[in-house]
*Asks:* 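First the structure, which I've put down as structure tokens, then a few questions once you've had a look.
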Amino acid sequence: MPGNSPLDRNFFLQPTVSVARDRLGKRVVLRSENNQRLSGFITEAEAYVGTEDLACHAHVGKTQRNAVMWGPAGYAYVYFTYGMHWMLNFVTEKEGFPSAVLIRGIWPDEGLDEMLHRRPVASLSNLSNGPAKLCQALGINGRWNGVDLCGKGAKLFVEEGVNIRMDSINIGPRVGLNNVPEPWKSKPWRFWVDPSEFEQG
DNA sequence: GCGACGATGGGCT
DNA sequence: GCCCATCGTCGCA
């Protein structure tokens, strides 16, 4: 099976908006404690770009929570929100420029049993179609913050996946930025794949 | 199928 | 003390 080596750091070094768009269809892989591959194809992602972007956690300056975003590309930024949810981001661009791609959905593929055990749902389409849902299904929590996605023996990484046609990619404003001022609130930095690409698998 | 809303706790001013 | 880069459930159709 082709594409079984992790994407290298160059895939995360590019402009954040490009990373968010061009990584749709790539495979996110987590090696579980049972040494099982849990994986799925990225269906939705958003870009958060630097301290100027008032929607980006980095806009308040470097803190203990968001420090990973200032580091090198290709690391995981995992944070906790709403009192109960974990979110997975990939750090992008060069060291010192705080930016990341929020992974908002994956289409589940490998390790379905283990993922469904963590997150019992009736339909696969509801297993990991949300930023907190995919973290729950994969078992991602704060201990994954700051892990290298590109290092040797990485337990969390990204592989080549399925090809996504340009005309099945949707573009729109980012989700959940209720009190963020313009123009940041409306930046078209959310990208998602037509559900029809996966649902009849 | 869809809109409203409560849960729940860390981070920041 | 307020604000969330959310989700599940409930009521209603």
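Note that these values count all heavy atoms, side chains included, but never hydrogens, waters or copies made by symmetry. Order of the sequence lines fixes the chain letters, A, B, ..., with proteins taken first and strands second; residue numbering starts at 1 for each chain.
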*Asks:* Excluding sequence neighbours, so at least two apart, what forms salt bridge (Lys or Arg N to Asp or Glu O under 4.0 Å) with A:Asp167?
*Replies:*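 A:Asp167 satisfies salt bridge (Lys or Arg N to Asp or Glu O under 4.0 Å) with A:Arg165 once adjacent residues are dropped.
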
*Asks:* Write down the protein N/O and nucleotide N/O pairs, taken from nucleotides 10-13 of chain B, whose separation is under 3.5 Å; answer none if there are no such pairs.
*Replies:*
from: B:dC12; atom 1: OP1; to: A:Thr63; atom 2: OG1; distance (Å): 2.5

*Asks:* Residues two or more places apart in sequence or in another chain: which of them pass side chain to side chain contact (heavy atoms under 4.5 Å, CB included) with A:Asn10?
*Replies:*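 With sequence neighbours excluded, A:Asn10 shows a side chain to side chain contact (heavy atoms under 4.5 Å, CB included) to A:Asp8, A:Leu13, given in chain and number order.
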
*Asks:* Checking A:Trp184 now: which residues fulfil side chain to side chain contact (heavy atoms under 4.5 Å, CB included) with it, not counting sequence neighbours?
*Replies:*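 Per chain and number, A:Trp184 pairs via side chain to side chain contact (heavy atoms under 4.5 Å, CB included) with A:Glu52, A:Asp53, A:Leu54, A:Arg174, A:Val180, A:Lys187, A:Trp189.
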
*Asks:* Which residues satisfy the ring pair (Phe, Tyr, Trp, His ring centres under 6.0 Å) test with A:Phe90, sequence neighbours excluded?
*Replies:*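 Counting only residues at least two positions away or on another chain, A:Phe90 forms a ring pair (Phe, Tyr, Trp, His ring centres under 6.0 Å) with A:Phe12.
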
*Asks:* Name the atoms and distances for all side-chain donor-acceptor pairs under 3.5 Å in residues 94-103 of chain A, with sequence neighbours left out.
*Replies:*
from: A:Ser99; atom 1: OG; to: A:Thr16; atom 2: OG1; distance (Å): 3.3
from: A:Ser99; atom 1: OG; to: A:Thr92; atom 2: O; distance (Å): 3.1
from: A:Ser99; atom 1: OG; to: A:Thr92; atom 2: OG1; distance (Å): 2.9

*Asks:* Show each protein N/O and nucleotides 6-13 of chain C N/O combination with a separation under 3.5 Å, one pair to a line.
*Replies:*
from: C:dT6; atom 1: OP1; to: A:Arg104; atom 2: NH1; distance (Å): 3.1
from: C:dT6; atom 1: O2; to: A:His85; atom 2: NE2; distance (Å): 2.8
from: C:dC7; atom 1: OP1; to: A:Pro131; atom 2: N; distance (Å): 3.3
from: C:dC7; atom 1: OP1; to: A:Ala132; atom 2: N; distance (Å): 3.2
from: C:dC7; atom 1: OP1; to: A:Lys133; atom 2: N; distance (Å): 3.4
from: C:dC7; atom 1: O4'; to: A:His85; atom 2: NE2; distance (Å): 3.2
from: C:dG8; atom 1: OP1; to: A:Arg119; atom 2: NH1; distance (Å): 2.4
from: C:dG8; atom 1: OP1; to: A:Arg119; atom 2: NH2; distance (Å): 3.1

*Asks:* Find the distance A:Lys187:NZ to C:dA5:C1' and express it as a whole number of Å.
*Replies:*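 Going from NZ in A:Lys187 over to C1' in C:dA5 covers 17 Å.
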
*Asks:* From CG of A:Asn89 over to C1' of C:dA5, roughly how many Å is that when rounded to an integer?
*Replies:*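 Roughly 8 Å, once rounded to whole Å.
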
*Asks:* Whole angstrom is fine here: how far is it from NE2 in A:His59 over to C1' in C:dC3?
*Replies:*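 In whole Å, C:dC3 C1' and A:His59 NE2 are 11 Å from each other.
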
*Asks:* Do A:Val17 and A:Phe191 have side chains that get closer than 4.5 Å, going by heavy atoms?
*Replies:*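 A:Val17 vs A:Phe191: side chains touch.
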
*Asks:* Going by the rule side chain to side chain contact (heavy atoms under 4.5 Å, CB included), which residues pair with A:Ser18 if we only count those two or more places apart in sequence or in a different chain?
*Replies:*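 Testing A:Ser18 for side chain to side chain contact (heavy atoms under 4.5 Å, CB included), a comparison that skips the adjacent residues, returns A:Pro15, A:Arg21, A:Asp22.
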
*Asks:* If you link ILVMFWY side chains whenever their heavy atoms are less than 4.5 Å apart, which other residues fall into the same cluster as A:Val29? By chain and number, please.
*Replies:*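 Reading the cluster by chain and number, A:Val29 sits alongside A:Phe157.
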
*Asks:* Respond yes when some side-chain nitrogen or oxygen of A:Asn179 is under 4.0 Å from OP1 or OP2 of C:dC4, and no when none is.
*Replies:*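 For C:dC4, OP1/OP2 do have a side-chain N/O of A:Asn179 under 4.0 Å.
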
*Asks:* Show the atom names and distances, to 0.1 Å, of all donor-acceptor pairs under 3.5 Å that link a side chain in residues 124-151 of chain A to residues at least two apart or in another chain.
*Replies:*
from: A:Ser125; atom 1: OG; to: A:Ser123; atom 2: OG; distance (Å): 2.7
from: A:Asn126; atom 1: OD1; to: A:Lys133; atom 2: NZ; distance (Å): 2.9
from: A:Ser128; atom 1: OG; to: A:Ile106; atom 2: O; distance (Å): 2.7
from: A:Asn129; atom 1: OD1; to: A:Lys133; atom 2: NZ; distance (Å): 3.1
from: A:Asn129; atom 1: ND2; to: A:Ser125; atom 2: O; distance (Å): 3.2
from: A:Gln136; atom 1: OE1; to: A:Arg119; atom 2: NH1; distance (Å): 3.1
from: A:Asn141; atom 1: OD1; to: A:Arg143; atom 2: N; distance (Å): 3.0
from: A:Trp144; atom 1: NE1; to: A:Gly139; atom 2: O; distance (Å): 3.4
from: A:Asn145; atom 1: OD1; to: A:Val78; atom 2: N; distance (Å): 2.9
from: A:Asp148; atom 1: OD1; to: A:Arg9; atom 2: NH1; distance (Å): 3.1
from: A:Asp148; atom 1: OD1; to: A:Arg9; atom 2: NH2; distance (Å): 3.2
from: A:Asp148; atom 1: OD1; to: A:Cys150; atom 2: N; distance (Å): 2.9
from: A:Asp148; atom 1: OD1; to: A:Gly151; atom 2: N; distance (Å): 3.4
from: A:Asp148; atom 1: OD2; to: A:Arg9; atom 2: NH2; distance (Å): 3.0
from: A:Asp148; atom 1: OD2; to: A:Gly151; atom 2: N; distance (Å): 3.4

*Asks:* Dot-bracket for DNA chain C, please, read 5' to 3', with Watson-Crick or G-U wobble pairs under 3.5 Å on both distances, ( ) within the strand, [ ] crossing, | other strand, . unpaired.
*Replies:* ||||.|||||||.

*Asks:* Among all residues two or more places apart in sequence or in another chain, which pass the salt bridge (Lys or Arg N to Asp or Glu O under 4.0 Å) test with A:Glu46?
*Replies:*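 With neighbours one apart ignored, the set is A:Arg104.
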
